[in-house]
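This report concerns only the one structure given below.
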Amino acid sequence: MVTDDRDEQSELAAHEPFSALSGVQRKQLLELGPRWNDDIVGNRKIVIDCYTPVVAAAPRESTQVEREIAYGPNARQVLDVFAPEYAAHEGGALREAVLFVHGGAFVRGSKSVNGEIYDNVCHWFARQGCVAVNVEYRLADEAPWPGGAEDVALALAWVREHAARWRIDTSRIFLIGHSAGGAHAASCLFDPALTPGVPPESVAGLVLISARLYADVDTRNPNAGPVRRYFGEDGSRYAERSPLTHAARSAVPVMIAVAEYENRFLDDYGAAFFLALLRHRGVPPRFVQMRGHNHTSIVAHFNSGEETLGREILAFMASTQRAT
């Protein structure tokens, strides 16, 4: 059988880590993985610098973007909506929605680091026919625990209230949280301290990517200081404020993804959350380890041509379809 080299290259780019990058960059990131925790800030910059021009050149002409929409009174309580251009057409089919919550160790970060990262995540989901929402939230110094989770709940309520504008199916809204954003998303759905909390039927599924699911200030944790700034000085309360403690409280479908090279302990917490859900539900949640990837590239690669994690998330979303 004759195959087209372009098809083979496209297939490679869809599945191999860093295959959308140049050979030099791919080698650089593969070598960087085992040294990730030696210099997280510097290594993160390398990853972002590699992926920014790639995702900037990716297709996006069919996506309509509305930015800096307020969902609350604070300057950081804003969100961006990425929608297929046909999503708002009168009489068009209802669309699934994805709310993406970025990371930043609770004390920093932005929904759009440089105009491309993390917009790339939302551009990719919009290209798949979803309405994607990029959520900003208050940081630890202004809104310590449970402020971030409260903001995610507020953003979710805002999207549900305005769903008709973008033809969003309110029974098919998914939360995706990366790093600290994963902690906020999980707390939003699982933590009993958030009263009245988010009704389970408000969310069709939760995707936790490299999420900090336990509040720890272990001296080996490179973000121990930021964890303390968000969760408070009283270490005796860390367990009760950690999403991992409350894994049995919700029936919301969950998918967990971790990188091979994580910020220290985050892969352990993802595995622990998996086991807690398995014990509680008797059925394992979807779990993906992104081989070769690191804590930043696991999201920076979206819309670059590499689609392994994106396709896994779409499969998870499809698996939550309600029987009709």
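Please read all numbers here as calculations on a predicted model, not as lab measurements.
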For the residue pair Phe174 and Phe316, does the interplanar ring angle fall in the parallel (under 30°), tilted (30 to 60°) or perpendicular (over 60°) class?
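Perpendicular, since the angle between the ring planes exceeds 60°.
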Fit a plane to each ring of Tyr238 and Phe231, take the angle between them on a 0 to 90° scale, and name the class: parallel (under 30°), tilted (30 to 60°) or perpendicular (over 60°).
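Tyr238 vs Phe231 ring planes: perpendicular.
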How many angstroms lie between atom [atom1] of [X] and atom [atom2] of [Y], to the nearest 0.5 angstrom?
X      : Y      : atom1 : atom2 : value
Ile173 : Met317 : CD1   : CE    : 11.0 Å
Arg67  : Asp119 : CZ    : CG    : 4.5 Å
Glu66  : Leu79  : CD    : CG    : 10.0 Å
Asn43  : Leu32  : CG    : CG    : 4.0 Å
Glu240 : His246 : CD    : NE2   : 7.0 Å
Leu21  : Ser304 : CG    : OG    : 6.5 Å

side-chain hydrogen bond (donor to acceptor under 3.5 Å, both in side chains) between Arg172 and Thr320, worked out
CA-CA 9 Å; Arg172 302 294 298 162; Thr320 69; 2.9 Å; yes
Would you please indicate yes or no on a ring centroid separation below 6.0 angstrom for [Y] and [X]?
X      : Y      : value
Phe100 : Phe82  : no
His184 : Tyr137 : yes
His123 : Phe302 : no
His162 : Trp166 : no

Could you state whether [X] and [Y] fall into the same hydrophobic cluster, counting links through intermediate Ile, Leu, Val, Met, Phe, Trp or Tyr residues with side-chain heavy atoms under 4.5 angstrom apart?
X      : Y      : value
Val152 : Leu139 : yes
Val217 : Tyr269 : no
Ile117 : Met290 : yes
Ile168 : Leu94  : no

Salt-bridge test for [X] and [Y]: reply yes if a basic N is under 4.0 Å from a carboxylate O, no otherwise.
X      : Y      : answer
Arg95  : Asp169 : no
Glu16  : Arg26  : yes
Arg212 : Asp216 : yes
Arg60  : Glu116 : yes
Arg311 : Glu307 : yes

Closer than 3.5 angstrom, by distance alone: can the side chain of [X] be matched with the main-chain N or O of [Y] as a donor-acceptor pair?
X      : Y      : value
Asp191 : Pro243 : no
Asn134 : Lys111 : yes
Asp80  : Val133 : no
Gln77  : Asn74  : yes

Among Ile209, Asn120, Val47, find the one that has a side chain to side chain contact (heavy atoms under 4.5 Å, CB included) with Val299.
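Answer after filtering Ile209, Asn120, Val47: Ile209.
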Sub-4.5 Å side-chain heavy-atom contact between His295 and Glu262:
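Side chain of His295 against side chain of Glu262, heavy atoms only: contact under 4.5 Å found.
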Criterion ring pair (Phe, Tyr, Trp, His ring centres under 6.0 Å) against His293, the qualifying member of Tyr51, Phe18, Trp36
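That would be Phe18.
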